[in-house]
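Keep in mind the model is a prediction, meaning the values are calculated, not measured. Convention: sequence-line order gives letters A, B, ...; per-chain numbering from 1.
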Number of protein chains: 2
Amino acid sequence: MTHESRNADRDAATDALFKALSDGTRRALLETLVREGEQNVQALTQVSGVSQPMVSRHLAKLKRAGLVTARRAGRETWYAARVKGLGPVIQWMAIHGALWSQRFSALEGLSG
Amino acid sequence: MTHESRNADRDAATDALFKALSDGTRRALLETLVREGEQNVQALTQVSGVSQPMVSRHLAKLKRAGLVTARRAGRETWYAARVKGLGPVIQWMAIHGALWSQRFSALEGLSG
DNA sequence: CATATTCATAACCATATGATTATGAATTAA
DNA sequence: TTAATTCATAATCATATGGTTATGAATATG
């Protein structure tokens, strides 16, 4: 067993994912995409409170982390949330099996 | 409804939490605490692969985020994982109610 | 063709962050 | 009391990060 595989918390994909989620502006963008569905950069810029280039960069980071998809149509780029991308987060939280899972279920009631 | 409460993704606590989790070394420390239970800095340093001061700083950040507790005993400080601290992450993932929750349940099978 | 729109990238800046070594405070042990 | 242990903090450094404005490439429109 290698050092890498033994220590799942240092997995590169997981790292990228958590890093992508660690910024409020990016989480807000993601939330918008989940709420409103596929959006282009222009629309996301208006709702984001930051400049268009910054939105593009945030979206690029979300894409690299697997949290959004991009679809180019003419001069517009349409971004959409990629729910599956959260898989590693779930997996990380379940990493110790029963321990987290129990709390997990217990806390799921919070969602309402 | 305030701007703050409307935009849950920019909540300061959530931000601190995700930021705390966004570093592999910190996640590894947290994993160790979950697996092995309460540990002092010395023990955590040996398993972390970074210097003792860095471990102290990472632990401080985890503590500020509510993910660990610290108990001073003589010259040693014993840190423990604080499972409840993950609440906001769960909450964030459930933020859009049914949408995430469905995927949530679907993905929970991954944990095995 | 000329102009406007949409987006990404470049250049730049300030600050945050992860890491190190050095140091110092507090506690324990000799 | 002197020495060793444990931990946190300071000083320092390199790099990453979030933000801006400027620019340029591609596409659509007059």
Side-chain angles (χ1 to χ4, degrees), chain A residues 3-4 7 9-33 36 38-65 67-80, chain B residues 7 9-33 36 38-65 67-80:
Chain A
H3 180 72
E4 291 304 331
N7 223 345
D9 285 348
R10 311 193 73 175
D11 175 64
T14 305
D15 213 76
L17 183 49
F18 273 109
K19 272 194 168 54
L21 291 172
S22 77
D23 177 76
T25 303
R26 276 192 298 267
R27 288 199 308 279
L29 285 170
L30 192 52
E31 178 182 359
T32 299
L33 290 175
E36 318 259 328
E38 201 181 37
Q39 302 280 318
N40 63 15
V41 176
Q42 170 201 21
L44 291 170
T45 298
Q46 290 179 353
V47 84
S48 73
V50 296
S51 65
Q52 173 267 308
M54 204 57 225
V55 171
S56 285
R57 273 180 40 184
H58 279 314
L59 289 169
K61 201 159 199 169
L62 287 169
K63 191 178 163 212
R64 276 194 300 272
L67 286 168
V68 303
T69 59
R71 176 177 68 85
R72 194 75 192 247
R75 57 186 167 184
E76 305 180 358
T77 307
W78 295 84
Y79 285 88
Chain B
N7 220 345
D9 285 348
R10 309 194 73 174
D11 174 64
T14 305
D15 214 78
L17 183 49
F18 272 109
K19 272 195 168 51
L21 291 173
S22 77
D23 176 76
T25 302
R26 277 193 296 270
R27 288 200 308 280
L29 285 170
L30 191 52
E31 178 183 359
T32 299
L33 290 175
E36 317 260 328
E38 200 181 38
Q39 301 280 320
N40 63 15
V41 177
Q42 169 201 22
L44 290 170
T45 298
Q46 289 180 352
V47 85
S48 72
V50 296
S51 65
Q52 174 268 306
M54 205 56 224
V55 171
S56 284
R57 273 182 41 188
H58 279 314
L59 289 169
K61 202 159 199 172
L62 287 169
K63 190 178 163 210
R64 277 195 300 273
L67 287 168
V68 303
T69 59
R71 176 177 68 84
R72 193 76 192 244
R75 58 187 166 182
E76 304 179 359
T77 307
W78 294 84
Y79 286 88

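Residue A:Q42 is classed as a sugar-phosphate contact, given heavy-atom separations below 4.0 Å to backbone atoms only. Within 4.0 Å of A:T77, counting heavy atoms only, lie sugar-phosphate atoms of the nucleic acid but no base atom.
Listed nucleotides C:dA8, D:dA8, C:dG18 differ in distance to B:R26; the shortest reach to its side chain belongs to C:dG18.
Between A:D15 and B:G24, the shortest heavy-atom distance links the atoms OD1-N, 3.1 Å. The minimum heavy-atom distance between A:A16 and A:A65, with the atom names listed, is O-CB, 3.8 Å. Annotation for B:S51 and B:T45: closest pair C-CG2, 4.2 Å, computed over non-hydrogen atoms. Heavy-atom minimum distance, B:A43 versus B:N40: N-OD1, 2.9 Å.
Put simply, CG on B:L59 is 13 Å from C1' on D:dT6, counting in whole angstrom units. Computed from coordinates, the A:Q52 CD to D:dT23 C1' distance equals 12 Å when rounded to whole Å. To the nearest angstrom, P of D:dT6 lies 15 Å from CZ of B:R71. Distance CD (B:Q39) to C1' (D:dT6): 15 Å, rounded to an integer number of Å. Atom pair B:E76:CD and C:dA26:C1' shows a separation of 13 Å (rounding to whole Å applied). Rounded to a whole Å, the NE2 atom of A:H58 is 17 Å from the P atom of D:dA16. Here D:dA4 presents its P atom at 12 Å from CZ of B:R75, a figure rounded to the nearest Å. Rounding to whole angstrom units, CH2 of residue B:W78 and P of C:dT27 are separated by 17 Å.
Between D:dT6 and B:T45, no contact under 4.0 Å exists linking OP1 or OP2 to a side-chain N or O. Phosphate proximity of C:dA8 to A:Y79: present, with a side-chain N or O under 4.0 Å from OP1 or OP2. At D:dG19, one or more side-chain N or O atoms of A:T25 fall inside 4.0 Å of OP1 or OP2 (strictly under the cut-off). Contact annotation: A:S51 reaches the phosphate of D:dT20 (side-chain N/O to OP1 or OP2, under 4.0 Å).
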Run the numbers on B:V41 and B:Y79 for side chain to side chain contact (heavy atoms under 4.5 Å, CB included), then give the verdict. CA-CA 8 Å; B:V41 177; B:Y79 286 88; 3.6 Å; yes
Steps toward side chain to side chain contact (heavy atoms under 4.5 Å, CB included) verdict (B:L67, B:L33): CA-CA 10 Å; B:L67 287 168; B:L33 290 175; over 6 Å; no
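By the 4.0 Å N-to-carboxylate-O rule, A:D23 lies too far from A:K61 to be salt-bridged with it.
Two residues, A:M54 and B:A73, neighbour DNA chain C, and the one matched to the more 5' nucleotide by heavy-atom proximity is A:M54. For A:R72 and A:S22, each mapped to the nucleotide of DNA chain D holding its nearest heavy atom, the one lying further toward the 5' end belongs to A:S22.
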Atom pairs under 3.5 Å: protein N/O with N/O of nucleotides 10-16 of chain C:
none

